[in-house]
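Each residue takes its place number in the sequence, starting with 1. Counting starts at 1 for both ligands and their atoms, following the listed order. None of these values were measured; they are calculated from a predicted model. Side chains included, hydrogens not; waters and symmetry mates left out as well; all remaining heavy atoms used.
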Amino acid sequence: MALCIHLRELMQIIEHLDENQLKDEFFKLLQISLWGNKCDLSLSGGESSSQKTNVIHSLEDLKPFILVNDMEHLWSLLSNRKKTREKASIVRVDIVLDNSGFELVTDLILVDFLLSSNLATEIHFYGKMIPWFVSDTTIHDFNWLIEQVKYSDHKWVSECGANWENYVKTGRWVYHDHIFWTLPHEFCAMSQVAPDLYAELQKAHLILFKGDLNYRKLTGDRKWEFTVPFHQALNGFHPAPLCSIRTLKAEIQVGLQPGQGEQLTASEPNWLTAGKYGVFQFDGPL
Ligand SMILES: O=P(O)(O)OC[C@@]1(O)O[C@H](CO)[C@@H](O)[C@@H]1O
């Protein structure tokens, strides 16, 4: 609820924000979406992991836990495109969703902001046809959430839901299903196994991959050295510029500075799996 209210407050002033203020807000909403990925039933042992404190107030404290931070690349890509594009041209951001519930709210708020700030003109979502893990987003969860938000008793929250419904109706938000997301393939096999999906992703100007499972599939779930470049670990999967937004819950991480992984292992043996650390890891030309 607090996030929807934050978004509505932002909408009131968005036209008056200068470049730096807009960038600050973008970075805030990116981080909220990152930490939204902490809310995962696999970490809470099935207990509800809804957000009880307002995450907006914790962002500064959480910054040291971002191990790779390519948020600047995302800003450069989208803000340059906004400056140079023709008026009627499309800027498409695709988002490969992860958990439903709180994480999905943070994702919808982020992409609503992208449209409202004209950093993007169209958002394409990818959910799962069947959940891989219990909390994975399906079309049912996506529609249900929009409906719940729309019928909130709080006027501003319900306005958010009404806007989201309208985005879907007018085609500014497009939801895609594809069986590939619940097949056992790593993403570098997509162009062979699901060329239609790969071609769809190629239409994006930026693809956001949410969560740990998507990171594992992006990097082929291999035991890479921590310093291997992200680009290399993607193993030829480059449909469009992309960014993983992920808290670490599995024993895999690439693109770190020399010694960074070893230092963390020495001080916090479970740093790879506890969901305490996060990354914004970008690959692509700017
Ligand atoms: O993709 P998510 O939701 O961020 O994480 C799901 C996940 O934590 O569950 C598994 C363990 O049960 C992990 O390997 C896996 O990555």
| said: Under 4.0 Å from a heavy atom of L213: which atoms of ligand 1 are those, numbered in the order shown and with their elements? | reply: 1 (O), 2 (P), 16 (O)
| Are Q253 and Y215 linked by a side-chain donor-acceptor pair shorter than 3.5 Å? | yes
| said: With a heavy-atom distance limit of 4.0 Å, tell me whether D98 approaches ligand 1 through its side chain, its backbone, both, or neither. | reply: side chain
| said: Just to verify, which of L3, L208, L34 counts as forming a side-chain contact (heavy atoms from CB on, under 4.5 Å) with L110? | reply: L208
| task | State whether the shortest distance between N or O atoms of G211 and N or O atoms of ligand 1 falls below 3.5 angstrom. | result | no
| request: Below 4.0 angstrom from a heavy atom of N37, which ligand 1 atoms are there? Numbered from 1 as shown, please. | output: 4 (O)
| message | Distance under 4.0 Å to a non-hydrogen atom of N99: what atoms of ligand 1 satisfy this? | response | 3 (O)
| In terms of heavy-atom contacts, does CD of E251 have more than 12 from other residues, nucleotides or ligands at under 6.0 Å? | no
| note | Ranking R216, K249, K210 by closest non-hydrogen atom to atom 14 (O) of ligand 1, top hit is R216
| request: Applying side-chain contact (heavy atoms from CB on, under 4.5 Å) between L67 and each of Q260, Q281, Q257, report the one that passes. | output: Q260
| query | Are more than 12 heavy atoms from other residues, nucleotides or ligands located less than 6.0 Å from atom CD of E225? | reply | no
